[in-house]
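Every chain is numbered from 1 and lettered A, B, ... according to where its sequence line falls, protein lines coming before strand lines.
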Amino acid sequence: MELNQKARVRFAPSPTGALHIGGAHTALFNWLWARHTGGTFILRIEDTDRERSTAEYEQTIMDGLRWMGLDWDEGPDKGGPRGPYRQTERMDDYINIANSLVDAGKAYRDGDAVFFRVPRGEQVAFEDAIYGAINVASEKASVNTDGSVKDIVMIKSDGMPTYNYAVVIDDHAMDITTVIRGEDHIANTPKQILIYRALGWTPPHFAHLPMILGSDKKKLSKRHGATSVFEYNDMGYLPESVFNFLALLGWTPGDDLEIFDRELAVGKFELSKVTRKPAVFDMKKLDYVNQEHLKSMRPDDRLKAIEPFWRDMKLPVDKYPAKYLEESLTLMGGRGKTTKELAEFSDYFLDFDAVKSRYTAEDITPERRAALKKFFASALDRLQPEEWRAPRLEEFAREWCETGGASLKEIAMPMRFALSGRKVSPGVFEIAELLGREECKTRLKHFDFA
RNA sequence: GGUCCCAUCGUCUAGUGGCCCAGGACAUCGCCCUUUCAAGGCGGCGGCACGGGUUCGAAUCCCGUUGGGACCGCCA
């Protein structure tokens, strides 16, 4: 199979809902194949379901694709040489071609509908780029529940074309070289091939992708929680993580490589290396992939990703220089699996009120407090702003503990709580340095530690 | 019920007849590091669904069984 030339592929959602995970997966693989072959990625809107299709959903789907970083070359919004890219705008073709099939005796009218006469005794065979050879007898291509042959509806009573018919007209009109779609369409393929044959057209190549399952091994659906890609954004997953994770469902770039960017995926992608087994969507792995991307991001990009969450939390982002904010996030290291968590875990760098609201120092006994006051008063007295550096602070604390027979922990933990209000944080001395001597003094005094 | 498809650790996968008494990653467990928690390092647990063939040799090829999935709408 000559799958190595420039591909013309398409993602063809129906605008009846937001871009969900399954659709994003299909779009992603189409995009990868187009970019890998230096071909064309087309967006086509299948809006023949008048009842459920809306312009809003069409917009949402486009936004979802953009969020994922999947740009298309031809589509309803930007046009292209093989348009229109919205099915409701190709009505003449559907009607004319259906009429020609009726004239040729290959289809017939029944009321306002047009049916395609399913031929008997033919063999429908195609070579799926992923599943391999698939063979079906023509009379089995379209059947009723009882197994009897059922002619294929081409034009519905409302005058609109059906999916199985329109998709053939469109893919041919758009000169699609390879149809890449979910495995649930394998059973539709023979019907479509029968129509290609009746029209005397050569069918494109087909490549069916394994389904994405929920943890219960059932096709992913609303029951499994978040379905729209935007919900993942809201939960704190980076688009590059969702891209990376979804690419891993049914494919690997090889060499045990699991964390990668779009560019690498484009370079290594091969349709022939896609798996056939349905894949379970594992949030834990998504968490891991997200964390890795979060760790390897450039500080300024990381800040851009976190900022919206800080703003949602009503934190005074604008009070601080970008450099300070970037450093606070760098200090967070590998803490937090999502941007949302990272934003929450780092709130004390922007707002002392957050600290006060969750820590009261009630756990400190009078004796401990007296000891802490001695230490911090001494530290504040001896270390001036320019000396307020993590190594110096730590050295100072260690010496104090050594001479006083205390453990570093006895100072570090209360200090951690006073500065961050959390028992989990980066190193306290690093936090102290970034916060600065004055801010530390304010916080320590508030808890009567200095 | 019919048609089609699938089958390697709990999960994602590597593996296309010998390099595999099966490799990696996530999860999980333990140890180390350590001012906390992450991160990081090291190690443990854990799988070729089953039965027949073919072959000198099978996770890899064939057949059957079992299990799972998709589809069978004038939805797409």
Side-chain angles (χ1 to χ4, degrees), chain A residues 12-17 23 46-53 87 110-115 128 130-132 134-137 139-148 150 152-167 181-191 208 210-211 213 215 217-219 245 248-252 254-259 273 275-289 291-292 295 332-337 341 345 394 397-398 401 407-417 420 422-430:
Chain A
S14 61
T16 54
E46 308 210 331
D47 56 352
T48 54
D49 183 339
R50 310 293 287 271
E51 304 285 300
R52 301 190 300 146
S53 300
Q87 291 186 324
D110 183 355
D112 293 327
V114 179
F115 286 77
D128 191 280
I130 294 165
Y131 283 85
I134 293 179
N135 282 281
V136 183
E139 42 274 285
K140 297 290 183 187
S142 177
V143 295
N144 292 296
T145 319
D146 65 6
S148 59
K150 184 187 183 193
I152 300 166
V153 179
M154 291 168 47
I155 303 291
K156 300 184 270 183
S157 297
D158 68 356
M160 299 300 283
T162 57
Y163 165 76
N164 278 121
Y165 170 59
V167 80
R181 77 236 297 195
E183 187 245 56
D184 47 344
H185 284 296
I186 283 188
N188 283 323
T189 310
K191 299 175 194 168
H208 289 90
M211 297 274 87
L213 277 24
S215 46
K217 306 253 185 159
K218 291 273 195 295
K219 191 172 166 182
F245 176 71
L248 244 20
L249 257 30
W251 178 71
T252 17
D255 300 324
D256 292 330
L257 188 62
E258 296 206 289
I259 302 301
K273 282 175 63 189
T275 324
R276 282 166 286 273
K277 205 183 77 174
V280 173
F281 187 95
D282 180 10
M283 277 293 233
K284 289 276 179 52
K285 183 96 179 206
L286 209 212
D287 280 342
Y288 164 74
V289 172
Q291 188 171 35
E292 290 303 307
K295 280 196 292 189
M332 293 303 290
R335 273 157 280 245
K337 297 187 186 307
E341 278 187 356
F345 295 172
E394 181 169 347
R398 283 188 189 282
C401 290
S407 70
L408 187 59
K409 195 171 180 171
E410 288 173 296
I411 283 178
M413 277 320 280
M415 184 173 174
R416 185 188 313 285
F417 271 109
S420 71
R422 297 186 183 281
K423 73 169 186 287
V424 172
S425 81
V428 251
F429 303 112
E430 278 74 22

Determine, stepwise, if the pair A/Asp146 / A/Ser148 fulfils side-chain hydrogen bond (donor to acceptor under 3.5 Å, both in side chains). CA-CA 6 Å; A/Asp146 65 6; A/Ser148 59; 2.7 Å; yes
So which of A/Arg276, A/His208, A/Glu183 actually passes side-chain contact (heavy atoms from CB on, under 4.5 Å) with A/Ile130?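 With A/Ile130 as partner, side-chain contact (heavy atoms from CB on, under 4.5 Å) holds for just one option, A/Arg276.
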Using the 3.5 Å cut-off, write out each protein N or O paired with an N or O of nucleotides 33-39 of chain B and the distance between them.
unit_1	atom_1	unit_2	atom_2	d
B/U35	OP1	A/Arg398	NH1	3.4
B/U35	OP1	A/Arg398	NH2	2.5
B/U35	O2	A/Arg416	NH2	2.6
B/U36	O2'	A/Lys423	O	3.1
B/U36	N1	A/Arg416	NH2	3.2
B/U36	O2	A/Lys423	O	3.1
B/U36	O2	A/Ser425	N	3.0
B/U36	O2	A/Ser425	O	3.3
B/U36	N3	A/Arg416	NH1	3.1
B/U36	N3	A/Ser425	O	2.5
B/U36	O4	A/Ser425	O	3.4
B/U36	O4	A/Gly427	N	3.3
B/C37	O2	A/Arg335	NH1	2.8
B/C37	N3	A/Arg335	NH1	2.4
B/A38	O2'	A/Gly334	O	2.9
B/A39	O3'	A/Lys295	NZ	2.7

Same-atom distance ([atom1]) from [N] to [M], integer angstrom:
N: B/C71; M: B/G10; atom1: P; answer: 27 Å
N: B/C6; M: B/G18; atom1: P; answer: 22 Å
N: B/G47; M: B/C56; atom1: P; answer: 31 Å
N: B/C48; M: B/G23; atom1: P; answer: 13 Å
N: B/G24; M: B/A7; atom1: P; answer: 23 Å
N: B/C4; M: B/U65; atom1: P; answer: 14 Å
N: B/U11; M: B/U28; atom1: P; answer: 16 Å
N: B/A70; M: B/G51; atom1: P; answer: 28 Å

Using a heavy-atom cut-off of under 4.0 Å over every strand shown, decide if [X] touches base, sugar-phosphate, or nothing.
X: A/Asp287; result: nothing
X: A/Asp255; result: nothing
X: A/Leu249; result: sugar-phosphate
X: A/Gly254; result: nothing
X: A/His185; result: base

Dump the pairs, protein N or O against N or O of nucleotides 59-61 of chain B, anything under 3.5 Å, distances to one decimal.
none

Give none if [N] has no partner; otherwise give the nucleotide forming a Watson-Crick or G-U wobble pair with it, both distances under 3.5 Å.
N: B/C37; result: none
N: B/C72; result: B/G1
N: B/A25; result: B/U11
N: B/A59; result: none
N: B/C42; result: B/G30
N: B/A49; result: B/U65

Separation of atom [atom1] in [X] from atom [atom2] in [N], rounded to whole Å:
X: A/Lys273; N: B/U16; atom1: NZ; atom2: P; value: 12 Å
X: A/Arg276; N: B/C4; atom1: CZ; atom2: C1'; value: 15 Å
X: A/Asp256; N: B/A22; atom1: CG; atom2: P; value: 17 Å
X: A/Glu183; N: B/A70; atom1: CD; atom2: P; value: 8 Å
X: A/Phe245; N: B/C12; atom1: CZ; atom2: P; value: 10 Å
X: A/Arg50; N: B/C75; atom1: CZ; atom2: P; value: 12 Å

Any chance you could measure [X], atom [atom1], to [Y], atom [atom2], to the nearest 0.5 Å?
X: A/Lys337; Y: A/Phe345; atom1: NZ; atom2: CZ; answer: 9.5 Å
X: A/Lys273; Y: A/Thr252; atom1: NZ; atom2: OG1; answer: 6.0 Å
X: A/Glu258; Y: A/Lys285; atom1: CD; atom2: NZ; answer: 3.5 Å

Counting only side-chain heavy atoms from C-beta out, which of [options] sits nearest to [X]?
X: A/Lys219; options: B/A14, B/C71, B/C72; result: B/C71
X: A/Tyr163; options: B/A76, B/C74, B/A14; result: B/A76
X: A/Ile186; options: B/G24, B/C4, B/C75; result: B/C4
X: A/Pro278; options: B/A14, B/C6, B/A76; result: B/C6

If you look at every heavy atom in [X] and [Y], which pair is closest and at what distance?
X: A/Asp128; Y: A/Ile134; answer: CB-CD1, 4.3 Å
X: A/Val136; Y: A/Pro190; answer: CG2-CG, 4.0 Å
X: A/Asp112; Y: A/Ile155; answer: O-CG2, 4.4 Å
X: A/Leu286; Y: A/Phe281; answer: CD1-CZ, 4.3 Å
X: A/Gln291; Y: A/Gly334; answer: NE2-O, 2.7 Å
X: A/Val424; Y: A/Arg416; answer: N-CD, 4.3 Å

A/Val136 or A/Thr275, whichever maps to the more 5' nucleotide of RNA chain B: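 Per heavy-atom nearest nucleotide, the more 5' residue is A/Val136.
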For A/Lys140 and A/Thr162, take the nucleotide of RNA chain B holding the closest heavy atom to each; which residue's nucleotide lies nearer the 5' end?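 Nearest-nucleotide comparison on RNA chain B picks A/Lys140.
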Could you check whether A/Asp49 and A/Ser53, counting side-chain N and O atoms only, form a donor-acceptor pair closer than 3.5 Å?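 Side chains of A/Ser53 and A/Asp49: no pair found under 3.5 Å.
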If the cut-off is 4.0 Å, is [X] near the phosphate of [N], judged by side-chain N/O to OP1 or OP2?
X: A/Thr252; N: B/A14; result: yes
X: A/Lys150; N: B/C74; result: yes
X: A/Thr48; N: B/A76; result: yes

What's touching nucleotides 8-11 of chain B from the protein side, N or O pairs under 3.5 Å?
unit_1	atom_1	unit_2	atom_2	d
B/U8	OP2	A/Lys277	NZ	2.9
B/U11	OP1	A/Lys217	NZ	2.8

For A/Tyr165 and A/Val153, what are the C-alpha separation, side-chain angles and deciding distance, and is it a side chain to side chain contact (heavy atoms under 4.5 Å, CB included)? CA-CA 8 Å; A/Tyr165 170 59; A/Val153 179; over 6 Å; no
Can you tell me if NZ on A/Lys423 sees more than 12 non-hydrogen neighbours from other groups inside 6.0 Å?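 Not more than 12 within 6.0 Å, no.
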